[in-house]
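Notes to accompany the following structure.
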Amino acid sequence: MKTLVLSAQQQADIAKAAQLIEQGELVAVPTETVYGLAADARNAQAVAKIFAAKGRPTNHPLIVHLADHTKMADWAKTVPETALKLAAAFWPGPLTLLLNKAEGVSDVVTGGLTTVGLRVPAHPALLSLLQQYDLAVAAPSANPYKKLSPTCAEHVLTGLNGKLAAVLDGGACEHGLESTIVDLTGDTVQILRAGPITANELSAVLGQPVTQPQQHNKAVPGNVKAHYQPNTLLRVMNKTQLNEALQSVTAQIALLSFETKSDKPNVHFVAMPTDAKDYGQVLFRELGKADTLGLAEIWLESPPQGQQWLAAHDRLKRAATHLG
Ligand code: AMP
Ligand code: MG
């Protein structure tokens, strides 16, 4: 299949993307988190194509992207007060709400679960597509299973060219890391995946505690140990470990760090931002760029601690795990 490149700046191209989705095709769309591989969420056959294109196990559920918060009622059995509060505070934005699914929501979308993940994305082109054409799209990140998530149209094509009808190029993603997923189906409110919105921010809006288990969460299929991986081996080290390792390194490596530098010719240095939001925005992009250089390894200086860095730590831990 030839993958068309469409421009999110052109109304005619947004219309073309919507038409392809309505016809049951896959289109990669820009969001404020990462690029999504979108299919009409009401068309189970179209949604099934997502799993084939990505090589994703069919029991890993997909997030449904909605035009606005009123559409939650079409997808959820009931819409709790907590969901309305969080939607009012954070949508459109990088927050996915997990609710009990409405009857009629396809098992293909939810991976057979009785819950459904919902979000209103903030990228203007995608929002306009969803609103104008009355669409809801199921969209995981537009990468082959376990690989780096794409934060620009070019990186979508690196991974999936020929496996989707089109990519709608909307420039670089604002956040660069996937949405925070919060489970609203239990007695307590729990974060299942760290993302741009922190537990403290959610808790402040809800007026109740929001928990964030540190451990790998088996209850979320898709939340696997090895994920977000460059093809080049990635090592994450603290400053002391890095400085020591740099002294003896002779192989060609990339060094993605803050202050730790090296003037060795075999070390390809990339300065990483010290602000957590800026760091999240460029992390996958820089890993993707380093991955094209034919280097032996990518070395990365571990980011600081703190709630706003949890999403980056979560992705890096999985990106540097090589056990499957
Ligand atoms: P991706 O969009 O590729 O980042 O993947 C979507 C993430 O959302 C995966 O980690 C899924 O496990 C999670 N997710 C989506 N829907 C549900 C659901 N109903 N229950 C649990 N996790 C979900
Ligand atoms: Mg993903």
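As the structure lists them, so they are numbered: ligands from 1, and atoms in each ligand from 1. Throughout, numbering of the chain's residues begins at 1 and tracks the sequence.
In this structure, the ring of H155 has its center no less than 6.0 angstrom from the ring center of Y35.
Taking a 4.0 Å cut-off on heavy atoms, R56 registers as neighbouring ligand 1. The closest approach between any non-hydrogen atom of T110 and ligand 1 is not below 4.0 Å. Every heavy atom of H60 sits 4.0 Å or more from the atoms of ligand 1.
A cation-pi arrangement is not found for R56 relative to Y145, the charged atom failing to lie both closer than 6.0 Å to the ring centre and inside a 45° cone about the ring normal.
Within ligand 1, counting atoms from 1 as listed, the ones closer than 4.0 Å to a heavy atom of L62 are 15 (C), 16 (N). Shown in contact with I63 at under 4.0 Å from a heavy atom are these atoms of ligand 1, numbered in order with element: 6 (C), 8 (O), 15 (C). Each of the following atoms of ligand 1 lies closer than 4.0 Å to a heavy atom of T115: 18 (C), 19 (N), 20 (N). Heavy-atom proximity to S141, at under 4.0 Å, picks out these atoms of ligand 1: 1 (P), 2 (O), 3 (O). Those atoms of ligand 1 that come under 4.0 Å of a heavy atom in I181, given as number and element, are 7 (C), 8 (O), 13 (C).
The side chain to side chain donor-acceptor pair (under 3.5 Å) search around K239 returns E259, not counting sequence neighbours. Listed by chain and residue number, K147 satisfy the side chain to side chain donor-acceptor pair (under 3.5 Å) test with N231 (two or more places apart in sequence, or in another chain). With sequence neighbours excluded, the residues satisfying side chain to side chain donor-acceptor pair (under 3.5 Å) with E297 are R235, W299.
For a threshold of 3.5 Å applied to N or O pairs, the pair formed by E178 and ligand 1 contains no separation below that value. Inclusion of K54 in the set of residues having an N or O under 3.5 Å from an N or O of ligand 1 is not warranted.
Within a radius of less than 2.8 Å around the Mg ion (ligand 2), the protein N, O or S atoms are S141 OG.
Salt-bridge check for K49 with D40: failed, with every basic side-chain N at 4.0 Å or more from each acidic carboxylate O. Note on E32 versus R119: salt bridge recorded, some NZ/NE/NH1/NH2 to OD/OE distance being below 4.0 Å. The residues D68 and K71 are annotated as salt-bridged, a charged nitrogen and a carboxylate oxygen being separated by less than 4.0 angstrom.
Not one N or O on the side chain of N100 forms a donor-acceptor pair closer than 3.5 Å with the backbone of K77.
When hydrophobic clusters are built by joining Ile, Leu, Val, Met, Phe, Trp and Tyr residues whose side-chain heavy atoms come closer than 4.5 Å, directly or via intermediates, L95 is grouped together with L66.
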